[in-house]
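Everything below concerns the one structure shown next.
Please read these numbers as outputs of a predicted model, since none were measured by experiment.
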Amino acid sequence: MGACRAICLISWLVFAVAVSTPEARAAGDQKPPTVVKDPHYGEVLFYFYQDDYFPAIVRLMAAQQQAHLPNHGAEAELLLGGLYLSYGHHLRAAEIFERLLADNVDPQIRDRTWFFLSKIWLQRGYLAESEQALANIRDELPPELESERQMLKAQILIDQGRHDQAIEILNAWRGKNEWASYAKYNLSVAMVRSGRINSAVGMLDELGKLDPYNEELSSLRDKANLALGYAYLQDGQPLSAKPVLQRVRLSGPFSNKALLGVGWADAEIDNYQRALVPWMELRGRNLLDPAVQESMLAIPYAMAKLDSISQAADHYINAIEAFYEETSRIDSTIEKIESGELFDEFLSQDPTGTTGWYWKVEELPEGTESRYLYHLLATHKFQEGLKNYRDLAYLQRNLDGWQQSVDVYQSMLETRELAYYERLPRAEASLANADLDEMVQRKLEFDARLDSIEKSSDSLALATSREFSLWGEITAMERNPALQANIPEAEEVRHKIKLLKGVLQWELDKEFKVRAALIRRNLRQTGEALVETQRSRRQVDESIRNEPLLFEEFNQRVAGLDPKINEMRDRVDVSMAMQRAFLQTIAVDELQAQKQRLDTYTVQARFALAAIYDLSSTVGDASQ
């Protein structure tokens, strides 16, 4: 149930993030796609949707620290709270949720989040906080959650011992569903334990006769019949207890205790022959079950009552031997648990797989001790402790990977620094060859020269090389002495040269403004390029000055990671040792309790066997 609750809460939070905008809410019940505006948030979601929660947490916290989530601040906080919750950090998760659940949050999101928080608080045993979270719900929840909300209210009151208020809530319940059935069962058991059997009988009997439509309700019906049957037995009403206990399924998880109770109901009315029927059925079942162990003593007890003394003695002997063998196996298991070997076998199962609340034990380690683990894994405390131990082992491996990464970063930094100092002389030589001041001066000279050309309208100054060559040829012909003669032929040539020169001058004048504008534009672009080059040169000079400082800073940061990682590894090692000791305590205490129960049964069997031998000896002496 813990994994289901965490998964439901995290899934709801992601959905809440998606529908928190008006556009999304207007779309109806269909979940809209999540629009990711920050790449770092997309990376977090990539790991989240693969159930890799630890990498998602690391990247989300890093992105928050570096201010890489400007568009997803609130969503990231909600997601971080859900991720904390997936690792059982409900206190930190609750702090985040309570901080974000302000008036500007959508009312439906606010109420549902308070509802899920109440469930988590209740599971962790924080009854006052769970009750307060329910009180923060302002509106009625959807029908599928409203019933569970009422059940939570009743359950909190039951756990607080406020039975009258819980009864009032349950009596006002409208409709029948499985949540109401669970709440009634818990209330009935609480009443039985507080001595109010008559008040609980009606509810337990009603639950014991319900028509289940799933396995959960079938188990609940069996539990109700079992609780009612044993309540009748404790109250001295065996005739009422037997039919109730017979309603428990023979193939269900509560069949062993029900069979034992049916036998004792017959034994209470001195019908030992009938009592042997369910007890003999129990004899072939798992000896680890206390009901099976008790049946191994109940069988010879009934046989002794039926004067089958020899058979009773044989069964007592068989029970003593079975208890002794079981005790020896328990001692061996305790030794393996105390050595830590058993928990290492759990860690060897898919070490790189999912951590957190999602993780489940797929198969038990091989060996005789595995038969005891079913009972341990049935307890919430051991399951959560084992998950925490596995998470710590994952953190330990992750820190080892980070340590290797630090070594890689150090090598990369050294390689980069070496390459920098190898290339620096060549870069400085190239920079020295580039005289930017001279280039700027030449550009200014070009500007002044163009200004002079435009002012004097010197079109020849902007002529092309071909035009300039033609102009030179024409002027050379003009200076030819032969053309100075006062003859018709010379006059004709001078006229043609003048015409050619006029045509060329006209072409030059026609293109003058266009050419001047083009050159002016090129000079302006040249000036801009020179300014950018000067800026780049300053940046290069600044980089040359700062790069050694950056290398020193990076070296210090990389060198500072080692102590931090080592400190975290020490903390993880200490936590693992404490968690291992915690698990060992739970497991050993459970096994010691089983061993003590077996020892008690063994002593009872030995006394009963001795009494049979004494009785047989007394009868033998009397017959002689």
Does E552 form a side chain to side chain donor-acceptor pair (under 3.5 Å) with Q556? I'd like the steps, not just the answer. CA-CA 6 Å; E552 180 64 25; Q556 290 178 357; 3.2 Å; yes
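A salt bridge does not link E131 with K153: every distance from a Lys NZ or Arg NE/NH1/NH2 to an Asp or Glu carboxylate oxygen is 4.0 Å or more. Between E567 and K564, none of the side-chain N atoms (NZ, or NE/NH1/NH2) sits under 4.0 Å from a carboxylate O, so this pair counts as no salt bridge. The pair R138-D111 does not count as a salt bridge, with every side-chain nitrogen at least 4.0 angstrom from each carboxylate oxygen. For K257 and D289, the salt-bridge test fails: no basic side-chain N is under 4.0 Å from an acidic carboxylate O. Using a 4.0 Å cut-off between charged side-chain N and carboxylate O, E215 and R249 make a salt bridge. Ion pairing of R416 with E547 is present here, as a side-chain N (NZ or NE/NH1/NH2) and a carboxylate O approach within less than 4.0 Å.
In the model, N555 has no side-chain atom that pairs as donor or acceptor with a side-chain atom of E414 under 3.5 Å. Side chains of Q293 and R597: a donor on one and an acceptor on the other come within 3.5 Å.
Cation-pi geometry between R580 and Y389 is not met at under 6.0 angstrom from the ring centre and within 45 degrees of the axis.
In this structure, I156 CD1 and Y126 OH are separated by 15.0 Å, a value rounded to the nearest 0.5 Å.
Relative ring orientation between Y601 and F323 is described as tilted, the plane-to-plane angle lying within the 30° to 60° band.
Aromatic ring centres of F551 and Y420: separated by under 6.0 Å.
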